[in-house]
Amino acid sequence: MVTVIKAGGSILQKGAGTELMKKIISMGSGNSILVHGGGPTVTSLCENLGISPKFITSPNGIRSRYTDYETMQAFIMAMRGKINTEIVVELQKLGIRSVGISGIDGPTLIAERKGKLLTINERGRKMVVDGGYTGRIIRVDPALIFAITESGRTPVVSPIALSTEYEPLNVDGDRAAAAIAGAVQADELFLLTNVDGVILDGGTVDQIRQDEIPGFMKRVGSGMDKKLMAAEEALKGGCRKVIIANGNTGSPEPGSTDHEMGTVITA
Amino acid sequence: MVTVIKAGGSILQKGAGTELMKKIISMGSGNSILVHGGGPTVTSLCENLGISPKFITSPNGIRSRYTDYETMQAFIMAMRGKINTEIVVELQKLGIRSVGISGIDGPTLIAERKGKLLTINERGRKMVVDGGYTGRIIRVDPALIFAITESGRTPVVSPIALSTEYEPLNVDGDRAAAAIAGAVQADELFLLTNVDGVILDGGTVDQIRQDEIPGFMKRVGSGMDKKLMAAEEALKGGCRKVIIANGNTGSPEPGSTDHEMGTVITA
Amino acid sequence: MEAECEMCGGNIAVPEDVIQGEILACPDCGLDFEIQSLTSGHISLRPAEAIKEDWGE
Amino acid sequence: MEAECEMCGGNIAVPEDVIQGEILACPDCGLDFEIQSLTSGHISLRPAEAIKEDWGE
Ligand SMILES: [Zn+2]
Ligand SMILES: [Zn+2]
């Protein structure tokens with residue numbers, strides 16, 4: 001039974017950390033892999049360093065954070081230095097032997113730097129900009145993760161990949177967890193979020209089949225569509241089940257057949 | 001043949017990095033363990049974050065850096081986030097599969113928080129202060145290091161330990177390398193520095209026997225006495241040979257029987 | 001300023017304050033061009049078709 | 001201000017601007033005391049022997 005869990009960077013602050021930790025404990029060391037996100041630590045470190053956040057706007061008006069070189073340096077320090085270490089310390093405190101890695105270590109996650117991005121500049125005109133230090137995972141080598149789990153320890157993975165040009169790249173945490181879940185042929189992938197699962201017409205969807213994902217993607221908001229995309233990638237890669245659930249409220253039991261909370265997605 | 005190498009945090013900047021990397025390559029992945037120091041990155045990150053360095057003065061006038069909680073947070077980000085990642089990326093670029101860890105991971109290095117320290121305050125009066133986030137290694141568990149080397153990868157270790165109370169502690173890099181060299185029963189430990197070895201009366205000492213270390217410690221300056229203390233700890237722990245050499249000028253060949261440069265210390 | 005579309009020969013209007021990286025469309029054939037370089041009044045354009053619109057990752 | 005040495009009963013002179021953590025030695029028996037707390041004129045001392053002088057690590 002191998003379980004991959006993706007949780008936000010604030011899991012330790014919210015008390016949800018404890019629920020998550022309990023789940024990991026219940027699985028025993030060496031059977032779970034935790035992938036964490038960033039959260040407010042990255043933003044506040046950037047602020048403290050005087051790095052102002054950069055944003056770019058897509059032609060259809062979507063504004064998103066832009067990772068330039070300076071931001072990437074701060075991102076590594078916050079993500080790999082601070083957040084990852086705090087989670088590992090917290091797990092050790094609970095008796096769960098754990099090891100912090102990023103996708104650079106091993107190397108485990110190989111990514112392709114994004115090409116140019118089409119944006120709208122301040123003058124309202126279309127413009128291409130360099131993709132920045134953000135990447136798309138193209139390959140996972142699970143050898144290091146297996147070496148760690150086989151030694152009875154839990155890998156805690158920061159979503160940073162090594163580019164084909166040997167640069168550190170910021171990668172999406174959900175997609176990184178999905179790629180890992182596929183590569184290790186995980187029994188289940190938990191994508192923990194702050195809502196109770198896939199919400200449609202005010203209710204939580206209990207079950208989704210892989211072939212229904214494209215249909216759902218059009219009907220859910222941005223954020224959840226990314227999780228569905230990750231779910232699809234994990235299933236295609238060989239993960240057997242994906243559960244999108246609320247990380248703040250506890251309850252989805254790893255390994256249980258009946259998931260009372262959250263949305264279960266299977267092939 | 002297992003070799004432990006301790007190098008300063010600036011190894012990548014000085015070009016000596018390349019010499020060091022060549023040595024690691026020549027040993028093949030999985031046969032060497034690199035322990036790195038901090039260097040100017042820690043200081044400059046603290047400055048950028050507006051954390052002013054704290055110093056304390058011992059009753060006999062020695063001034064040293066004091067690691068309070070705030071400084072420790074910056075230390076982790078700089079050491080574990082930035083420096084460690086940069087070294088791992090550099091090694092991967094050269095085809096050496098490597099994995100960044102700190103002593104917290106595993107856990108590998110267990111330390112005891114230093115007790116109170118006796119200092120002289122601004123008014124010239126003796127005073128005790130809390131030991132801060134600095135520790136003394138009391139135990140090494142080499143299991144994670146072995147898991148990494150057995151997978152054919154080179155561990156790159158940040159000198160941060162887990163305290164018995166589950167706090168991250170700053171530990172001395174030379175002493176950390178020595179403790180690891182003992183725990184893995186290394187064939188040799190290289191302590192790279194910016195001088196050609198143990199210097200006495202203007203010349204480099206070629207050979208020192210373990211029982212001569214206490215005598216030398218009184219005759220060398222501060223800095224080198226710490227390296228000799230580390231050498232003694234490594235030999236006592238079971239490491240077979242310690243070489244103190246200049247990391248900036250190349251040459252000591254790992255595994256060679258005749259060390260033309262540096263000071264060789266054996267039992 | 002104006003530039004000539006390499007596809008259809010149409011006239012592409014170039015704003016005075018254009019900067020490198022901006023995209024201009026040919027009013028005749030609709031092809032997008034990226035401002036590749038700007039040196040003392042000389043504008044170099046290249047077709048911008050290959051640029052992916054990649055968001056949400 | 002003065003304090004009494006718990007070892008020999010000697011008088012230990014206490015500077016007006018003393019702060020918590022400072023070490024005062026008894027002039028008679030030489031024992032070191034640490035200022036453990038300072039509350040409105042009341043000074044609490046404890047023997048400071050156990051404090052290691054630990055440097056260079
Ligand atoms: Zn045209
Ligand atoms: Zn007395």
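All values derive from a computational prediction rather than experimental measurement. Note on naming: letters A, B, ... go to the chains in the order of the sequence lines (proteins, then strands), and numbering restarts at 1 for each one.
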Tested for side chain to side chain contact (heavy atoms under 4.5 Å, CB included) against I23(D), the lone hit among L118(B), I120(B), T119(B) is L118(B)

* Asked: Just wondering, more than 12 heavy atoms not from Y69(B) lying within 6.0 Å of its OH?
  -> no

Those residues of residues 9-19 of chain D that come under 4.5 Å of chain B on a heavy-atom basis, listed by number, are P15(D), D17(D), V18(D), I19(D)

Residue pairs passing the ring pair (Phe, Tyr, Trp, His ring centres under 6.0 Å) test with at least one member in residues 209-243 of chain B, sequence neighbours excluded, are none

Going by heavy atoms in the side chains, are L24(D) and R125(B) under 4.5 Å from each other? no

(Q) Does R139(B) have more than 12 heavy atoms from other residues, nucleotides or ligands lying within 6.0 Å of its CZ? (A) no

Separation between CD (E34(D)) and CE (M127(B)), nearest 0.5 Å, reads 9.0 Å

- Please indicate whether R113(B) has more than 12 foreign heavy atoms, meaning atoms of other residues, nucleotides or ligands, lying under 6.0 Å from its CZ. yes

